[in-house]
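Reviewing the structure listed below.
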There are 2 protein chains.
Amino acid sequence: MEARVTQAIPTPPWQTPPKPPPRQPLSQELIVTTALRVLDAEGLDALSMRRVAQELQTGPASLYAHVANKDELLDLVYDRVLAEVDIPEPDPARWAEQVKEMLRSLRQVFRSHRDLARVSLSRIPLGTNGVAGMERTMALLRAGGLPDDIAAYAGDLVTSFVTTETLDDAFPGDGVDTSAVQAYVAQIHDYLTSLPPDRFPNLTQMAGPITSLDSERRFELGMEIIVRGLSTYAEPA
Amino acid sequence: MEARVTQAIPTPPWQTPPKPPPRQPLSQELIVTTALRVLDAEGLDALSMRRVAQELQTGPASLYAHVANKDELLDLVYDRVLAEVDIPEPDPARWAEQVKEMLRSLRQVFRSHRDLARVSLSRIPLGTNGVAGMERTMALLRAGGLPDDIAAYAGDLVTSFVTTETLDDAFPGDGVDTSAVQAYVAQIHDYLTSLPPDRFPNLTQMAGPITSLDSERRFELGMEIIVRGLSTYAEPA
DNA sequence: ACCTGAACACCGTTCAAGT
DNA sequence: ACCTGAACACCGTTCAAGT
């Protein structure tokens with residue numbers, strides 16, 4: 001008598017549950033990988049717990065079984081990426097150049113993961129890759145004859161340098177509107193030259209130099225300034 | 001016959017509207033002042049458009065008549081505070097010390113407004129006070145004999161330095177849990193010394209230096225490194 | 001011109017309940 | 001132990017409507 005059975009083709013509910021479990025079982029690994037994928041593709045503003053959960057076809061609450069909170073997730077993402085940084089085996093004769101090689105590598109890693117510099121801000125990388133990198137960094141800095149206290153601080157200083165110098169950089173190859181950036185810089189240039197020269201003698205004169213440095217040359221110059229400053233602290237071997 | 005008039009004491013609705021207009025008329029000035037007050041008292045995480053509106057006894061939508069969006073509001077707050085920075089009149093004989101005085105002043109301003117370093121991140125201060133400070137900074141850097149392109153970059157470099165060095169600093173005098181910070185640092189120290197010395201020879205040896213620098217000495221050391229590096233670019237007058 | 005209420009499309013995190 | 005739906009207490013911004 002009941003008309004319940006008439007619905008037809010779909011598997012009846014008492015035989016198999018309608019929605020299958022997520023493709024892969026949830027794990028911290030998988031969550032970090034997914035978060036990094038979202039970060040690379042859409043940046044930090046798009047990286048929410050809800051977004052990661054959606055990517056994994058669950059609700060946001062499910063993530064909290066594997067990750068304490070968003071902050072810890074970002075710590076893990078950061079540490080994951082630090083594995084990609086190349087830190088040279090110390091060769092004292094090439095100290096200054098090797099420090100620069102290390103910083104260029106760090107910059108490249110920061111630039112190849114969108115908004116990673118923002119993620120790194122205020123974060124002390126104490127994960128597996130973080131401490132490994134710190135060990136190699138200290139080895140390198142000491143090889144140049146830096147006293148321990150200077151080397152210890154120098155590690156922070158150069159990391160912060162790369163971070164800030166990378167913070168507003170364009171993203172990988174793709175969709176960056178370089179012409180918009182150029183237009184903004186041109187606007188600043190015009191603004192500076194339009195200032196009254198009697199009250200702003202320096203800015204009006206320096207509008208060129210202030211707006212002409214590209215991020216590559218800024219980075220190289222900044223490294224050189226810091227390395228020169230650091231080398232004044234080197235003790236003879 | 002109708003019982004409408006029985007309600008008594010409160011002024012009847014057709015005579016004066018029940019809620020008086022806000023104490024002061026809304027203005028950009030007032031909004032910026034209020035935002036800065038919230039920032040000082042409760043930090044950036046508490047600074048929302050809704051919070052500022054509430055403080056002014058309106059709804060968040062009302063703010064948008066005076067401020068384009070939150071980002072512009074933060075620009076204005078940042079510029080407001082830059083008025084407090086002291087930049088010395090150049091005296092070439094005291095160049096290095098004067099650069100340090102400027103940076104100490106900037107640091108002090110950043111430290112006296114909670115989370116201001118975070119606000120300043122990725123922001124180019126082009127407001128009235130921002131360009132005035134930039135003008136004086138360029139005057140000072142050039143007085144040391146720095147070429148224009150070096151001086152132009154140096155301005156950014158030292159500002160970024162103060163920002164990152166100030167980012168995680170304790171707040172004014174009040175409610176900072178310095179003992180919690182100390183405990184965290186002690187924890188890092190113990191962790192570093194607990195690492196296997198064969199794989200982490202540098203970190204285990206340097207646990208002391210790595211964890212012993214307080215923010216005052218870090219700042220002074222960082223300034224000295226950068227100023228030494230910059231002075232290698234100075235040209236004779 | 002300025003202000004408003006209500007709504008839109010989001011957040012991170014918690015918690016009781018399910019398996 | 002792991003996962004879930006629903007809820008809590010928030011966000012920035014827009015928009016039609018009011019004055």
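All values below come from the heavy atoms of this structure, side chains included, with hydrogens, waters and symmetry mates left out.
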note: R50(A), atom CZ; dA6(D), atom P; distance rounded to Å ~ 13 Å
Judged by nearest nucleotide, the residue sitting upstream toward the 5' end of DNA chain D, P60(A) or A65(A), is A65(A)
Could you tell me whether the side chains of E29(A) and H66(A) share a donor-acceptor contact shorter than 3.5 Å? no
Pair F161(B) and F219(B), ring centroids less than 6.0 Å apart
yes
Practice task
Would you mind classifying the nucleic acid contact of S62(A) as base, sugar-phosphate or nothing, using non-hydrogen atoms under 4.0 angstrom?
Solution key: base
Quiz item: Phosphate oxygens OP1/OP2 of dA1(D): is one of them under 4.0 Å from a side-chain N or O of H66(A)?
Solution: no
Atom NZ of K70(B) and atom C1' of dC11(D) are separated, to the nearest Å, by 8 Å
Hey, are S215(A) and R107(A) close enough side-chain-wise for a donor-acceptor pair under 3.5 Å? yes
Whole-Å distance, M49(A) CE to dT14(C) P, equals 10 Å
Whole-Å distance, L56(A) CG to dC2(D) C1', equals 15 Å
Winner on side-chain proximity to S48(A), out of dC11(C), dT14(C), dT14(D), is dC11(C)
In whole angstroms, the gap separating P of dC11(D) from CG of L63(B) amounts to 12 Å
- Using the P atom as the reference point in each nucleotide, state the distance between dA9(D) and dA9(C) in Å, no decimals. 23 Å
side-chain contact (heavy atoms from CB on, under 4.5 Å) with L39(A): of V81(A), V77(A), L74(A), V52(A), only one passes, and it is V77(A)
Between CD of Q57(B) and P of dC3(C) the distance, given in whole Å, is 14 Å
Taking dG12(C), dG5(C), dC3(D) as options, the one with an atom nearest any side-chain atom of A61(B) is dG5(C)
Heavy-atom count around E72(B) CD within 6.0 Å, excluding the residue itself: above 12? yes
Secondary structure of DNA chain C per the Watson-Crick/G-U criterion (both distances under 3.5 Å; [ ] crossing, | other strand, . unpaired) is ||.|||||...|||||.||
side-chain hydrogen bond (donor to acceptor under 3.5 Å, both in side chains) filter on R80(A), not counting sequence neighbours, yields T33(A)
Of the listed dG12(D), dG12(C), dC3(D), the closest approach to the L26(A) side chain comes from dC3(D)
Here the distance between atom C1' of dC8(D) and atom OH of Y64(A), to the nearest Å, is 13 Å
Taken to the nearest whole Å, CD/Q54(B) to C1'/dG5(C) is 16 Å
Does the plane of the ring in Y78(A) sit parallel, tilted or perpendicular to the ring in F110(A)? Use 30° and 60° as the thresholds. tilted
